[in-house]
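Each remark here refers to the structure printed beneath this line.
Lettering of chains follows the sequences in order, A, B, ..., and the numbering in each one begins at 1. Only a predicted model underlies this, so the values are computations on that prediction, with no experimental measurement involved.
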Amino acid sequence: AQSVTQPDIHITVSEGASLELRCNYSYGATPYLFWYVQSPGQGLQLLLKYFSGDTLVQGIKGFEAEFKRSQSSFNLRKPSVHWSDAAEYFCAVGFGNEKLTFGTGTRLTIIP
Amino acid sequence: SQTIHQWPATLVQPVGSPLSLECTVEGTSNPNLYWYRQAAGRGLQLLFYSVGIGQISSEVPQNLSASRPQDRQFILSSKKLLLSDSGFYLCAWRSWSGNGYTFGSGTRLTVV
């Protein structure tokens, strides 16, 4: 069965520092890959997605993610975080039109 | 444009009372629809999904039920709420294009 692992439950970074959130998946084939962000009390917003092609994908709010087939990973990065990036981040995988499998999320705290 | 509406935003209900949460989608037809729940500090739990009118798949046995009376309407119900039903409920939809989910803004349910 497919699964998604986000090994970091909580990450704290300083404003202006770089960020990398990890996501690993287990799937029979290369799935579609997604990153979502959730601000407190809000729904989830799509940051970026990977279907095929260039393994480095750009998203909204200055985020990017790199798909590495050999490592079954799809890590989310941002070169310089802003206080407004504090939120919960979810990685998700799926194939075609089947339902997505979500990771358990990583909570990001930004310190001044 | 495509939008998703979810209401109410917050709800406080006594134990044993009924529940009805509604989700509607605009600007698309024949979407896949999903109900998720987030308990405090936990990830997303898929409750129900629907690929068409009257077609409901349940992911976990529970005190809740779902219905899809119209193509773009998805309703989450309970006859008698339990304390454990408290949480943040999210509706989502997905088109046949294979894109990721679009989430509603969520309903915070507190059962007292």
Side-chain angles (χ1 to χ4, degrees), chain A residues 1-10 21 23-25 29-53 57 59-60 63 65 67 74 76 87-109, chain B residues 2-11 21 23-25 28 30-52 55-60 66 74 87-110:
Chain A
Q2 58 266 33
S3 65
V4 181
T5 302
Q6 292 181 249
D8 304 305
I9 297 174
H10 185 203
L21 302 182
C23 173
N24 293 93
Y25 66 89
T30 299
Y32 298 163
L33 299 156
F34 306 86
W35 273 101
Y36 287 86
V37 60
Q38 184 182 32
S39 298
Q42 301 296 316
L44 279 71
Q45 181 184 22
L46 181 66
L47 283 176
L48 48 76
K49 59 190 176 186
Y50 172 79
F51 289 167
S52 65
V57 294
I60 62 171
F63 285 92
F67 167 60
F74 188 56
L76 182 71
E88 185 115 22
Y89 292 81
F90 292 91
C91 180
V93 303
F95 191 81
N97 287 316
E98 67 185 28
K99 55 187 183 291
L100 298 183
T101 299
F102 285 84
T104 52
T106 298
R107 184 162 61 94
L108 175 64
T109 298
Chain B
Q2 299 145 342
T3 57
I4 179 169
H5 302 281
Q6 190 179 341
W7 68 92
T10 60
L11 194 58
L21 302 181
C23 172
T24 59
V25 181
T28 188
N30 198 28
N32 288 357
L33 295 170
Y34 307 85
W35 277 111
Y36 282 87
R37 177 171 61 196
Q38 275 184 302
R42 300 181 63 181
L44 292 159
Q45 179 187 33
L46 178 62
L47 302 176
F48 301 95
Y49 69 96
S50 172
V51 298
Q55 301 179 61
I56 308 295
S57 296
S58 174
E59 288 293 299
V60 291
F74 203 24
F88 191 55
Y89 289 81
L90 288 160
C91 180
W93 75 274
R94 190 180 197 187
S95 69
W96 285 106
S97 67
N99 286 328
Y101 296 172
T102 299
F103 283 87
S105 54
T107 295
R108 173 71 59 193
L109 172 65
T110 304

Item to complete: Could you check which of B:Gly106, B:Cys91, B:Ser57, B:Ser105 has the highest count of heavy-atom pairs closer than 4.5 Å to chain A?
Response: B:Ser105
Practice prompt. Say whether, by atom type as modelled, one donor and one acceptor occur between the side chain of A:Tyr36 and the main chain of B:Tyr101 under 3.5 angstrom.
Written response: yes
Discussion item. Taking atom CD1 as the centre, does A:Ile60 end up with more than 12 heavy-atom neighbours from other residues, nucleotides or ligands that are less than 6.0 angstrom away?
Written reply: yes
Discussion item. Counting neighbours of CZ on A:Arg107 that are heavy atoms of other residues, nucleotides or ligands and sit closer than 6.0 Å, is the number greater than 12?
Written reply: no
Worksheet item: What part of B:Leu46 gets closer than 4.5 Å to chain A, counting heavy atoms only: side chain, backbone, both or neither?
Response: side chain
Discussion item. Show, in sequence, the C-alpha distance, side-chain angles and deciding distance for A:Gln38 and B:Leu90, and conclude whether the side-chain contact (heavy atoms from CB on, under 4.5 Å) test is met.
Written reply: CA-CA 11 Å; A:Gln38 184 182 32; B:Leu90 288 160; 4.0 Å; yes
Worksheet item: What are the two closest heavy atoms between B:Leu44 and A:Phe102, and how far apart are they?
Response: CD1-CD2, 3.5 Å
Discussion item. Nearest 0.5 angstrom please: B:Tyr34 OH to A:Leu100 CG, how far?
Written reply: 6.5 Å
Response to the item:
Per-residue tally against chain B (heavy atom, under 4.5 Å) across A:Gly43, A:Gly105, A:Gly103 peaks at A:Gly43
Worksheet item: How close do B:Gln38 and A:Phe90 get, heavy atom to heavy atom, and via which atoms?
Response: NE2-CZ, 3.4 Å
